[in-house]
Amino acid sequence: MRVRTVTWEQASARRTERQFLGAPAPAGTPVAEVAGAMLGAHAQVLSAAELSVGLRTEGITRADVRAALWEDRTLVKTFGPRGTVHLLPTADLPFWTAALTAIPGGASPFAPDVRLTDEQAEQVVAAIGAALDGTTLTLDELGEEVVARTGPWAGDRVMPAFQDLWPRWRQVMHRAGQSGALCFGPDRGRRATYTRPPHFDPLPSADEGLATLVHHYLRAYGPASPRHFAKWAAAPGAWSDRLFASLASSGGIEEVDFEGEPAWVAAGDTDFPEDPARVLRGVRLLPYFDAYGIAAQPRERLFPGAAYERALARGQAGNHPLLLVDGVVAGVWHQRRQGRRTTVTVEPLGRLGARRERELGERVERVGEVLQARAELAIGKVMVGPHA
């Protein structure tokens with residue numbers, strides 16, 4: 001059977017469409033549906049997650065994202081891929097839980113006398129789930145419950161973190177979130193709170209969860225190689241190779257030629273835009289840790305030339321909000337808010353030209369709408385040649 005050939009432009013255009021970056025989702029589209037299409041919105045900084053979802057959906061603001069999270073509960077804020085905080089659709093938690101708990105973890109970064117044993121880790125996760133069942137607790141309150149349900153060893157302040165020492169049990173907070181024992185609740189003043197997400201019983205098997213996660217990943221970000229998936233999921237490369245080989249043998253995924261290299265798409269998902277240049281044309285703004293900037297591979301194609309040095313942090317994506325021009329990173333941006341006004345300063349890598357500056361002004365105006373502020377555009381220092 002002949003293998004389909006896919007170019008970077010075709011792949012990028014399809015990802016752009018499926019991420020609602022080419023055209024935003026129509027007004028009325030459920031917030032959770034948009035977050036699901038992204039495979040979750042990174043929410044370590046909640047305002048960035050609100051922008052990620054809001055910029056992809058017509059007419060919504062951060063208030064709509066917060067309503068989905070805290071009122072409708074169609075979104076949940078929890079520890080997702082890579083152990084980082086994400087907004088995930090509540091309805092998708094069964095496959096996320098089954099898959100994330102099946103991905104092998106790396107070696108502990110802590111000294112042997114600081115680490116939890118496997119048995120202790122299981123005890124802490126169980127204690128977290130029991131303590132949060134039907135209630136909402138602050139971190140300190142949760143810590144007291146965990147120590148009471150396990151033992152004083154869990155509360156030993158031995159875990160180095162941010163020039164401080166945290167109690168031992170906090171090493172597995174992310175694991176508790178990934179296993180469905182913990183999620184975030186609404187802030188109590190300035191303090192974060194935690195609760196337990198809905199119970200789903202029975203959960204899919206590990207194999208079913210992983211197959212579903214890979215299918216969603218490839219629909220959103222394919223074509224992709226096993227090593228691309230491994231990087232996105234913070235999984236061992238050799239384990240990811242075996243996972244893809246198993247899914248290929250069962251017919252769940254199929255191989256394509258992606259820019260001369262073997263890559264994979266979900267089985268039968270081989271349609272790509274006929275005019276990728278039209279889909280990619282224009283300027284777009286992505287906030288901190290936007291899912292597209294993190295997941296789209298190969299990274300050197302998304303961050304060409306000077307963008308690789310300016311918009312990445314030691315090769316890692318997410319630390320800079322991104323300016324996209326015709327589908328590739330062409331600068332960074334930042335904002336400064338004062339009251340109900342925010343100034344969005346864009347630092348392009350090349351001159352944009354009048355037409356693109358007008359379009360950029362419209363994008364900035366939309367940033368303000370999502371954040372429920374009046375946004376003004378400022379063009380920062382232009383770093384290199386033309387982008388007109």
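Values in this document were obtained by computation on a predicted structure and should not be read as measured data.
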Could you tell me whether [X] and [Y] have a side-chain N and a carboxylate O separated by less than 4.0 Å?
X    : Y    : answer
E141 : R188 : yes
D275 : R281 : no
E362 : R358 : no
R366 : E369 : yes
R4   : E255 : no
R301 : E259 : yes

*Is there any salt bridge (charged side-chain N to carboxylate O under 4.0 Å, His left out) pair reaching into residues 126-135, and which pairs are they, with sequence neighbours excluded?*
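Listed once each, the pairs would be none.
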[X] and [Y]: which non-hydrogen atoms are nearest, and at how many Å?
X    : Y    : result
R175 : A121 : NH1-CB, 3.3 Å
L210 : A99  : CD2-O, 3.7 Å
V53  : A35  : CG2-CB, 4.5 Å
S240 : P226 : OG-O, 2.6 Å
A317 : G293 : CB-O, 3.4 Å
P223 : A11  : CD-CB, 3.6 Å

Between [X] (side chain) and [Y] (backbone), is there a donor-acceptor pair under 3.5 Å?
X    : Y    : answer
R299 : I294 : yes
Q178 : G80  : yes
T101 : T97  : yes
Q19  : A37  : yes
S249 : S246 : yes
R196 : G129 : yes
H42  : G40  : no
T135 : L132 : no
R310 : V332 : no
R82  : W232 : yes

Looking only at side chains, do [X] and [Y] share a donor and an acceptor under 3.5 Å apart?
X    : Y    : value
S52  : D290 : yes
Q171 : R115 : no
T150 : Q123 : no

Does [X] [atom1] have over 12 foreign heavy atoms under 6.0 Å away?
X    : atom1 : result
D118 : CG    : no
E365 : CD    : no
R157 : CZ    : yes

Does [X] reach the side chain of [Y], with side-chain heavy atoms less than 4.5 Å apart?
X    : Y    : result
W333 : T345 : no
P81  : L39  : no
P298 : F303 : no
H199 : D201 : no
L323 : L285 : yes
L142 : W169 : yes
L218 : F229 : no
L371 : Q335 : yes

*Should the pair R66 and W70 be classed as cation-pi, given the thresholds of under 6.0 Å to the six-membered ring centre and 45° from the axis?*
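No, R66 does not sit over the ring of W70.
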*Within 45° of the six-membered ring axis of Y221 and under 6.0 Å from that ring's centre, is NZ or CZ of R15 located there?*
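No, a cation-pi geometry is absent between R15 and Y221.
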To the nearest 0.5 Å, what is the distance between [atom1] ([X]) and [atom2] ([Y])?
X    : Y    : atom1 : atom2 : result
F20  : E33  : CZ    : CD    : 5.5 Å
L324 : L302 : CG    : CG    : 6.5 Å
D64  : L75  : CG    : CG    : 11.0 Å
L280 : W8   : CG    : CH2   : 8.5 Å
L51  : R62  : CG    : CZ    : 9.5 Å
M159 : R170 : CE    : CZ    : 6.5 Å

*Show your working on salt bridge (Lys or Arg N to Asp or Glu O under 4.0 Å) between D241 and R227 and close with a plain yes or no.*
CA-CA 7 Å; D241 292 339; R227 296 305 171 106; 2.7 Å; yes
Is [Y] reachable from [X] through a run of I, L, V, M, F, W or Y residues, each pair having side-chain heavy atoms under 4.5 Å apart?
X    : Y    : value
I253 : V6   : no
V328 : V279 : no
V158 : L116 : no
V265 : V214 : no
V325 : L55  : yes

*For Y194, all residues meeting ring pair (Phe, Tyr, Trp, His ring centres under 6.0 Å), sequence neighbours excluded*: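 For Y194 the ring pair (Phe, Tyr, Trp, His ring centres under 6.0 Å) partners, ignoring immediate neighbours, are F184.
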*Going by the angle between their ring planes, with limits at 30° and 60°, are F244 and W264 parallel, tilted or perpendicular?*
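Geometry flag for W264 against F244: perpendicular rings.
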*asked:* Can you classify the ring geometry of H216 versus F95 as parallel (below 30°), tilted (30 to 60°) or perpendicular (above 60°)?
replied: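 Geometry flag for F95 against H216: parallel rings.
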*Applying salt bridge (Lys or Arg N to Asp or Glu O under 4.0 Å), name anything that partners D326, two or more places apart in sequence or on another chain.*
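Expected list: R356.
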*asked:* Checking R284 against T16 for the side-chain contact (heavy atoms from CB on, under 4.5 Å) test, could you report, in this order, the C-alpha distance in whole Å, the side-chain angles of both residues, the deciding distance, and whether it holds?
replied: CA-CA 11 Å; R284 298 171 179 90; T16 296; 4.2 Å; yes
*Pair R14-D269, side-chain contact (heavy atoms from CB on, under 4.5 Å): steps then yes or no*: CA-CA 11 Å; R14 190 172 83 163; D269 188 27; 3.4 Å; yes
*Just do the side-chain contact (heavy atoms from CB on, under 4.5 Å) check on V370 and V65 with the steps written out, would you?*
CA-CA 10 Å; V370 174; V65 180; over 6 Å; no
